[in-house]
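Some notes on the structure that comes next.
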Amino acid sequence: EAGVTQSPTHLIKTRGQQVTLRCSPISGHTSVYWYQQALGLGLQFLLWYDEGEERNRGNFPPRFSGRQFPNYSSELNVNALELEDSALYLCASSSQGLPYNEQFFGPGTRLTVL
Amino acid sequence: DQQVKQNSPSLSVQEGRISILNCDYTNSMFDYFLWYKKYPAEGPTFLISISSIKDKNEDGRFTVFLNKSAKHLSLHIVPSQPGDSAVYFCAASFTSGTYKYIFGTGTRLKVLA
């Protein structure tokens with residue numbers, strides 16, 4: 001069974017640009033979560049999508065947004081990039097049917113903002 | 001406000017000895033706790049979890065202890081192996097409602113051969 005996949009693996013952008021990160025969940029999973037791991041910090045919760053709708057978001061500005069498609073894949077968009085957006089962005093998926101909604105993580109996208 | 005804290009950024013242990021990783025939380029409403037392990041260039045992988053109705057959960061070499069009154073949990077690895085060298089994140093969650101995990105900042109464990 002294929003795990004959570006993310007693309008691209010690495011990305012370099014400059015301040016002010018926009019970026020789109022992509023995530024494909026494990027087959028059968030309907031929930032997708034996005035996390036940011038900046039240097040020296042833990043995983044910070046960004047967004048949760050389930051059944052195509054945004055269910056919850058963390059303490060991030062509105063320039064962080066996303067969506068979930070009918071096939072449950074998801075995109076994370078970041079507008080007006082700032083230097084502090086440089087981080088590892090992790091996507092996780094879960095099935096509502098699993099006990100306590102265990103989340104399975106992808107390998108992440110490393111974003112560098114110059 | 002960091003609701004889940006891992007105060008030790010790193011830990012070194014001899015192979016075969018016990019590794020103890022600690023985690024503290026501030027929100028008494030958390031009712032589900034997890035440990036994830038992360039190798040470089042990989043996403044975190046689930047290790048072990050514990051519900052707040054329990055104070056201990058064991059899975060092979062890994063045991064998680066929960067002390068609700070102290071809002072503290074710990075992960076014991078016995079015996080430690082070099083392959084256990086990784087960053088360990090504890091996370092807290094609610095079993096209803098938001099389903100989001102609140103992660104700690106991680107502890108880098110190095111098991112010396």
Query raised in the report: Do you reckon A/Tyr33 sits in the same ILVMFWY cluster as A/Phe60, going by side-chain contacts under 4.5 Å, direct or chained?
Result: no
- [ ] Flag yes if A/Ile26 and A/Tyr49 sit in one hydrophobic cluster, no otherwise; membership is Ile, Leu, Val, Met, Phe, Trp, Tyr, and two members link when side-chain heavy atoms are under 4.5 Å apart.
- [x] no
Closest non-hydrogen contact found for B/Tyr101 with A/Gln103 is OH-N, 3.3 Å
Original post:
Are any of the side-chain heavy atoms of A/Leu43 and B/Phe89 separated by less than 4.5 Å?
Top reply: yes
Tightest non-hydrogen contact, residues B/Gly43 and A/Leu90, listed as CA-CD2, 4.1 Å
Are B/Phe46 and A/Phe104, when compared by the centres of their aromatic rings, separated by less than 6.0 Å? no
Using side-chain heavy atoms (C-beta onward) and a distance below 4.5 Å, is A/Gln37 in contact with B/Val87? no
In terms of heavy-atom contacts, B/Ala41 and A/Pro107 come closest through O-CB, 4.3 Å
Side-chain touch B/Tyr36/A/Phe105, heavy atoms, less than 4.5 angstrom:
yes
Honestly, the part of A/Gln6 sitting under 4.5 Å from a heavy atom of chain B is neither
- Task: Answer yes if B/Trp35 and B/Ile20 sit in the same cluster of Ile, Leu, Val, Met, Phe, Trp and Tyr residues linked by side chain heavy atoms under 4.5 Å apart, and no otherwise.
- Result: no
Is the CG atom of A/Asn71 crowded by more than 12 outside heavy atoms at less than 6.0 Å?
yes
Would you indicate whether A/Arg63, at its atom CZ, is surrounded by more than 12 heavy atoms from other residues, nucleotides or ligands within a distance under 6.0 Å? yes
Linked, directly or transitively: B/Ile102 and A/Val32 (ILVMFWY side chains, under 4.5 Å):
no
